[in-house]
Protein chains: 4
Amino acid sequence: MPSKVRKVSKEAVPARSARLTRGRAAPRKGAKEKWAERRAARREAILAAALDEFAERGFEGARLDDVARRAGIAKGTIYLYFADKETLFQELIRSALSPFVATIEAARSIDLPLRVVCDRLAGAFAREVLGTRRKDIVRLMISEGRRFPKIAKFYYEEVPKRAFAAVRALVRKGIERGEIVDDTLEKFPQLIISPALVAVVWDGLFDKYEPLDAEALLRAHFTLLFKAIERRTP
Amino acid sequence: MPSKVRKVSKEAVPARSARLTRGRAAPRKGAKEKWAERRAARREAILAAALDEFAERGFEGARLDDVARRAGIAKGTIYLYFADKETLFQELIRSALSPFVATIEAARSIDLPLRVVCDRLAGAFAREVLGTRRKDIVRLMISEGRRFPKIAKFYYEEVPKRAFAAVRALVRKGIERGEIVDDTLEKFPQLIISPALVAVVWDGLFDKYEPLDAEALLRAHFTLLFKAIERRTP
Amino acid sequence: MPSKVRKVSKEAVPARSARLTRGRAAPRKGAKEKWAERRAARREAILAAALDEFAERGFEGARLDDVARRAGIAKGTIYLYFADKETLFQELIRSALSPFVATIEAARSIDLPLRVVCDRLAGAFAREVLGTRRKDIVRLMISEGRRFPKIAKFYYEEVPKRAFAAVRALVRKGIERGEIVDDTLEKFPQLIISPALVAVVWDGLFDKYEPLDAEALLRAHFTLLFKAIERRTP
Amino acid sequence: MPSKVRKVSKEAVPARSARLTRGRAAPRKGAKEKWAERRAARREAILAAALDEFAERGFEGARLDDVARRAGIAKGTIYLYFADKETLFQELIRSALSPFVATIEAARSIDLPLRVVCDRLAGAFAREVLGTRRKDIVRLMISEGRRFPKIAKFYYEEVPKRAFAAVRALVRKGIERGEIVDDTLEKFPQLIISPALVAVVWDGLFDKYEPLDAEALLRAHFTLLFKAIERRTP
DNA sequence: CATGAATGAGAATTCATTCAT
DNA sequence: CATGAATGAATTCTCATTCAT
């Protein structure tokens, strides 16, 4: 994947900052801010269009022409926001991760029984990932990750590593509180989210042949799981 | 990586001579058979090379030029065996399915406790899928399935559908025998294989950052699972 | 033969600027118009180059690479103007038809003796077809028409059908006026143009071995023809 | 058209000779003769198949694979009879010319009124050219001749030149005999055959849109022509 | 900043020709 | 002689990227 010599895109202000900025007490927005907002909005539009196209066609299959058309801009404009196709792809993955991870880590500090926390996470996952384009990001990661080791690494650091750290902390707390008696999940935190992965993959491939109620699947999963690990009241 | 060594098999005999030969005192192996063998071997070589390339680069990213080089043949030769790139891809998936599915269904007729059958399947999966190129097929299916609805459908019919039917049969038998008391797995057979999917995906993306002992994962999974569903002896 | 000189026309102005400009004190020529002109010029250049190549090598034999080189543009540029090779070919034929047909039909309304009209048509044909690249179009039609039934049909409707309708009208008028006494040409209008076809074919194939004075041929043809069909003054 | 270094095809005995040979008093044909016949037959089969394919698709468009299939032989076999595709094409034209030309020249020595001879030739042309695959040869010549100057030259020498020499001789004889009074046809012998060319072209391109009775066309042509050139009996 | 025409490297596919059997 | 698998040059078409306006 030889990265040819080329202009490095002048990174625009990320959308989130833009949104955060909006709230400020700035009655007649300065021209500069207006500009930044406009830039940010355009960036978002490109990313949204890119997600559609990448999700539909994969990295190689997607055409920047289509991304541009979908975003309602000219093809060349993309290059004012992203250095090249690969960068666009990576930014896409990146931009979609932060909020996702945030939700996961928030669970860490909730002070409720593990079982309840898990059910809430199941709901959150169904709502915020499976119910949105975010699931396409996960799928894209699965599909194209191998060809982008850098981004796979980044993703690893940002998603599973942090999520699993949170899971481990939760499990430890559950054991200390006497809620559960089994530490398997500390060793294999994957076991807690594996049906979620199945749900994402199934949704992309087989849903039209046999629909899957993802939330029910996750709930059934937790029911079984907790039957296995909860302290048995005699 | 491209193996330049070209097999110059000289054992081929043209069909017509073969036909003429047929009347004679049967040689060790009919020339026709040898010929067919050669053809089959070449087909296999192309499929193997294709698997490498597709797994590495995805469908769009793989170049038939590289497939040919890897198979030690000329570019044009591929077209003597497969109509086009897409067909090659589909045949690749297809060709890897039959043996896979067979293994899955064999479990149906094993007359042992469910727990034992599951452990065996875990081992078989680790050995025959994760330990071979077959895992790449699964990954390819996940990655590219969306763009090949026809093949996704085929895959659905051949793998999950049949596998889940087998799982359901096993579960029912387990219940009837009084081995287990829970029918969740009948409703969501996905729950039995979800860690296997995680293992495949993890292996492709994150293994270099954090190796995963897939077999241990599967075993832990089954341990928990059976804790949850087995009849509890008081 | 490839003319490497590349027209680096710098007169183009992007559409948006043009739009902004529109309100101003109208410049010599709207940028938009200039732009359209440039596009049209390029299209013409491609068609001209294509005619050269197709005429020289036939449809299959012509390489778009050469067409591009001859037009002084890049290979890919052709595809900005024509969907594919076949479309380019068809547009080529089409584009050359309108003026040709116009000339033919104009004869219909000329109010002169048939003999005079015919002589004029002979001259026009020699000048406007045989003397230009238009003869190559006719030859291409003859050569490749069979493989492009759609375009053959179109050509039939636009050229021979209309031309023959005009001829029939002229002949009828000639009979009514008492100029001629024979209606064979109404039944076989082909007889009026057949030497023209010979001239086109001869020019393409045998002219270097034995030059043919096409106009003289046509005039001789009409001389004989009118000897046969004119009212004989005793 | 670079002719690469390659084996020169060992020219087989032409079909006609073969056929002529058959009549001989050779009771048990010698093995050699049998062989030659076989070779000749195969050569003919290839040429026939080639005519079909070339006529249908043009020189570049025709595939030797199809020629072989149509001839019922293997692709490689063609190369045992013809050096390459171009040679095959040229031989095809050549092989079809001799009988054609022969017919034309025979007319020279017929001792009948010119008018009668012409009518006979019209019939012969309709029957032996338009009614057979020979018309495809003419069409091929028109279509591809430009790209094969050598064969165009050959064709010129063999067909129009000889045919026109014959026509001129006939005309001269007609004048000497007092049958006709006009020597235009001596100068432009093309005028005698031009409707025939129209018939060939029309047949290939427009016949399905508007059928043309070629023989009637030719007869009408001669009727007009002779009205123009015959001595007028007052 | 934005545009979109132009570029040209690159990929899939075809097919004339060769050659081992 | 005949075969047909194999070859690889050649060709069409695509699309990421550049750049003049």
Side-chain angles (χ1 to χ4, degrees), chain A residues 4 6-7 10 35 38-39 42 60-66 68 73-81 83-86 88, chain B residues 6 8-19 31 34-35 38-39 42 60-66 68 73-81 83-86, chain C residues 6 8-18 31 34-35 38-39 42 60-66 68 73-81 83-86, chain D residues 4 6-7 10 35 38-39 42 60-68 73-81 83-86 88:
Chain A
K4 311 110 207 169
R6 67 172 72 100
K7 243 189 315 187
K10 309 124 194 171
W35 257 113
R38 200 185 130 91
R39 259 195 86 77
R42 210 153 245 212
E60 296 271 2
R63 286 174 305 170
L64 290 189
D65 224 347
D66 292 338
I73 59 171
K75 199 173 8 165
T77 305
I78 294 176
Y79 288 85
L80 299 173
Y81 291 84
D84 56 17
K85 194 185 185 186
E86 197 173 322
L88 169 59
Chain B
R6 175 173 309 187
V8 189
S9 42
K10 290 180 178 286
E11 65 268 70
V13 175
R16 274 179 61 85
S17 325
R19 233 171 277 138
K34 257 184 183 165
W35 207 84
R38 190 191 142 105
R39 247 194 100 75
R42 208 147 247 209
E60 297 269 3
R63 288 173 303 168
L64 290 190
D65 222 350
D66 291 338
I73 58 172
K75 212 181 342 166
T77 305
I78 294 176
Y79 291 87
L80 297 176
Y81 292 83
D84 54 18
K85 195 185 184 184
E86 196 172 324
Chain C
R6 176 173 310 185
V8 189
S9 44
K10 289 181 180 286
E11 66 268 68
V13 175
R16 273 180 62 84
S17 325
K34 257 184 184 165
W35 206 85
R38 191 191 140 103
R39 248 195 99 75
R42 209 149 246 211
E60 297 269 3
R63 286 171 305 167
L64 291 189
D65 223 349
D66 291 338
I73 57 172
K75 213 185 338 168
T77 305
I78 294 177
Y79 291 87
L80 297 176
Y81 292 84
D84 55 17
K85 195 184 183 184
E86 196 172 323
Chain D
K4 312 112 206 168
R6 66 172 73 101
K7 244 188 317 185
K10 308 123 194 173
W35 257 111
R38 201 184 130 92
R39 261 195 86 78
R42 210 153 246 212
E60 295 271 0
R63 286 173 304 170
L64 291 189
D65 223 347
D66 292 338
V67 172
I73 58 170
K75 200 175 3 164
T77 305
I78 293 176
Y79 288 84
L80 298 173
Y81 291 84
D84 55 19
K85 195 186 185 185
E86 196 172 323
L88 169 59

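Remember, predicted model here, so these are calculated numbers, not experimental data. Letters go in sequence order (proteins before strands), and every chain restarts at 1.
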inquiry  = Between C1' on dT3(F) and CG on Leu80(B), what's the gap in Å once rounded to a whole number?
reply    = 14 Å
query = Once you round it to whole Å, what is the distance between P of dA9(E) and CG of Asp65(C)?
reply = 11 Å
query = Under a 3.5 Å cut-off on both pairing distances, which runs of 3 or more consecutive Watson-Crick or G-U pairs involve DNA chain E?
reply = E:2-21 with F:2-21
[X] near the nucleic acid: base, sugar-phosphate alone, or nothing, with a heavy-atom cut-off under 4.0 Å?
X	result
Ala62(D)	sugar-phosphate
Ile73(D)	sugar-phosphate
Lys85(B)	sugar-phosphate

Closest-nucleotide 5' rank along DNA chain E - winner of Tyr81(C) and Leu64(B) = Tyr81(C)
request  = For Glu60(C) and for Thr77(B), find the nucleotide of DNA chain F with the closest heavy atom, then tell me which residue's nucleotide is more 5'.
outcome  = Thr77(B)
ask   = Has the side chain of Lys75(D) got a donor or acceptor atom sitting under 3.5 Å from an opposite partner on the base of dT17(E)?
value = yes
key: Axial cation check for Tyr81(A) ring with Arg39(A), 6.0 Å and 45° limits   = yes
inquiry  = Under the rule for salt bridge (Lys or Arg N to Asp or Glu O under 4.0 Å), what residues qualify as partners of Arg63(B), not counting sequence neighbours?
reply    = Asp66(B)
Those residues that, when tested against Lys75(B), pass salt bridge (Lys or Arg N to Asp or Glu O under 4.0 Å) (two or more places apart) = none
